[in-house]
2 protein chains.
Amino acid sequence: MSSTENTRAGASRARLVEAAVTAFAERGFHGTSTRDIAAAAGMSPAAVYVHHRSKEDLLYLISRVGHDDTVAVIRQAADSTDDPAARLAAVMRAFALHHAREHTRARIVNYELNALSREHLAEISAIRRQIRLDVQAMIQDGVDAGVFDTPDPAKAAMAVLSLGIDIARWYRDDGSWTPEEIADFYADLALRVVGAGRR
Amino acid sequence: MSSTENTRAGASRARLVEAAVTAFAERGFHGTSTRDIAAAAGMSPAAVYVHHRSKEDLLYLISRVGHDDTVAVIRQAADSTDDPAARLAAVMRAFALHHAREHTRARIVNYELNALSREHLAEISAIRRQIRLDVQAMIQDGVDAGVFDTPDPAKAAMAVLSLGIDIARWYRDDGSWTPEEIADFYADLALRVVGAGRR
DNA sequence: GGCAACGGACTAAGCGGTCGCTTAGTGCTA
DNA sequence: TAGCACTAAGCGACCGCTTAGTCCGTTGCC
């Protein structure tokens, strides 16, 4: 628990964020009221505004932190090796694992963009675009090195990201597969998508 | 235009549905009011209830027709050949093309399930489950025939469906790729996912 | 050491507006 | 004249957010 959460205000703020994450993931931003969030956190509706400027500001906080986490997950996995195939597999494994484990937050991060203000959406869109370009560059590197065989690295990058992101839509904690099983399978899948080892 | 749409009531009903499709796709079920829908259709709010029992009933109609269309697209493609690889490629091409062309409706069909009533959701969930089982069976057939090489047909089916469905999330009419380009690329992608031609 | 004051976290109550839906009335066409 | 499609107006409930007051803990002063 960080130092900001050791204070009474910090603890309350964290409870509000957790309550909002659960509600936004389940019913969406517009399907959730501030009264819903406050009740789930054991507080009054007015308490929300002691800690957050607005309902949209709460969504933005959740979205921003979620995107920063995603970027960190990808960067850390990408930095683990210089080998294009191992790197893409590592990135996909980490990406898929992240989306399975954090599927609740990932649902908000990926599906509640339209509820953000124009300014906040512009910022988040820039992060998402950079992620896509980074993955595309990894795939292009593999093609340049003669390790990958795909006619279209841009489309392949879109497909790889789609596989990971869509886990947030279908994953269930009580489903048949563990996050690790999905991550292993998807790591191999990413290599198939880019045609690793076909030459 | 079907006979039910040649009447004044039919024309009005169709305009309401189109307005709802656009609004639900853009802002979600809860982010759209019946006043929004009525205004976009050039009518008063009360007119919505002349043609539909409730706002949720309108969503259910759109969702049901959308799912029936998806089933028809898959069935028609699957019936085109008995060869497992050609069949899966045809199904994926049709599925991807459908999601790109109809991305507006596809967004509602795939992302606005939680707004359905329990009864309606049960019905729609059964359709979705059947689609997944059908695709999984196609892949299992390919494995049995020695044409596909995947360690896990169930996960491969999930991945193939994810690729197609996620098009609804990212596709833009003003994007760089045409629906046909995406469909061709994804048809090949499906074969890579299942390891067609690796043995 | 005790008391008073201050500040932060929170609540009760409420505001102005919007929501899904209903009803009584209107107009037009067959 | 009757019925269908539609509208104006409205109901009860809920919405995001604000404000004035309360309570508790901390700090400072005597």
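Proteins come first, then strands; the chains are lettered A, B, ... in the order of their sequence lines, and each starts at number 1.
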Got a salt bridge between Asp79(A) and Arg75(A), using NZ or NE/NH1/NH2 to carboxylate O under 4.0 Å? no
Starting at NE2 of His52(A) and ending at C1' of dA9(C), how long is that distance when rounded to a whole Å? 13 Å
Nearest 0.5 Å, please: how far is CZ in Arg105(A) from OG1 in Thr22(A)? 8.5 Å
4.5 Å side-chain heavy-atom contact, Met158(B) and Ile182(A): no
Euclidean distance, atom NE2 of residue His51(A) to atom P of dA9(C) [Å, nearest integer]: 7 Å
Return yes if some donor-acceptor pair links the side-chain N/O of Lys55(A) with the main-chain N/O of Phe29(A) below 3.5 Å, else return no. yes
Between the side chain of Arg107(B) and the main-chain N/O of Arg169(B), is any donor-acceptor distance below 3.5 Å? yes
Just by distance, no angles: are the side chains of His103(B) and Asp173(B) close enough, under 3.5 Å, to form a donor-acceptor pair? yes
Rounded to whole Å, how long is the line connecting atom CD1 of Ile37(A) with atom C1' of dC17(D)? 13 Å
Would you call the rings of Trp177(B) and Trp170(B) parallel, tilted or perpendicular, where under 30° means parallel and over 60° means perpendicular? perpendicular
Using whole Å, what does the distance between atom P of nucleotide dG16(D) and atom CG of Leu16(A) come to? 14 Å
Can you tell me if Glu123(B) has over 12 outside heavy atoms packed within less than 6.0 Å of its CD? yes
Run the salt-bridge test on Glu180(B) and Arg93(B) with the 4.0 Å N-O cut-off and return the result as yes or no. no
Rounded to 10°, the angle between the first-five-pair and last-five-pair axes of the helix from dG1(C)-dC30(D) to dA30(C)-dT1(D) is 10°
Is Glu102(B) close to Asp69(B) at the side-chain level, that is, under 4.5 Å between some pair of heavy atoms? no
Is it the case that over 12 heavy atoms from other parts of the model lie below 6.0 angstrom from the CD atom of Gln76(B)? no
Polar atom pairs between nucleotides 20-27 of chain D and protein, under 3.5 Å, N or O only, would you list them?
none

Interatomic distance, Arg13(A) CZ vs dA9(C) P [rounded to whole Å]: 11 Å
In B/S/- notation, 5' to 3', how is nucleotides 18-25 of chain C contacted by protein heavy atoms closer than 4.0 Å? -BBBBB--
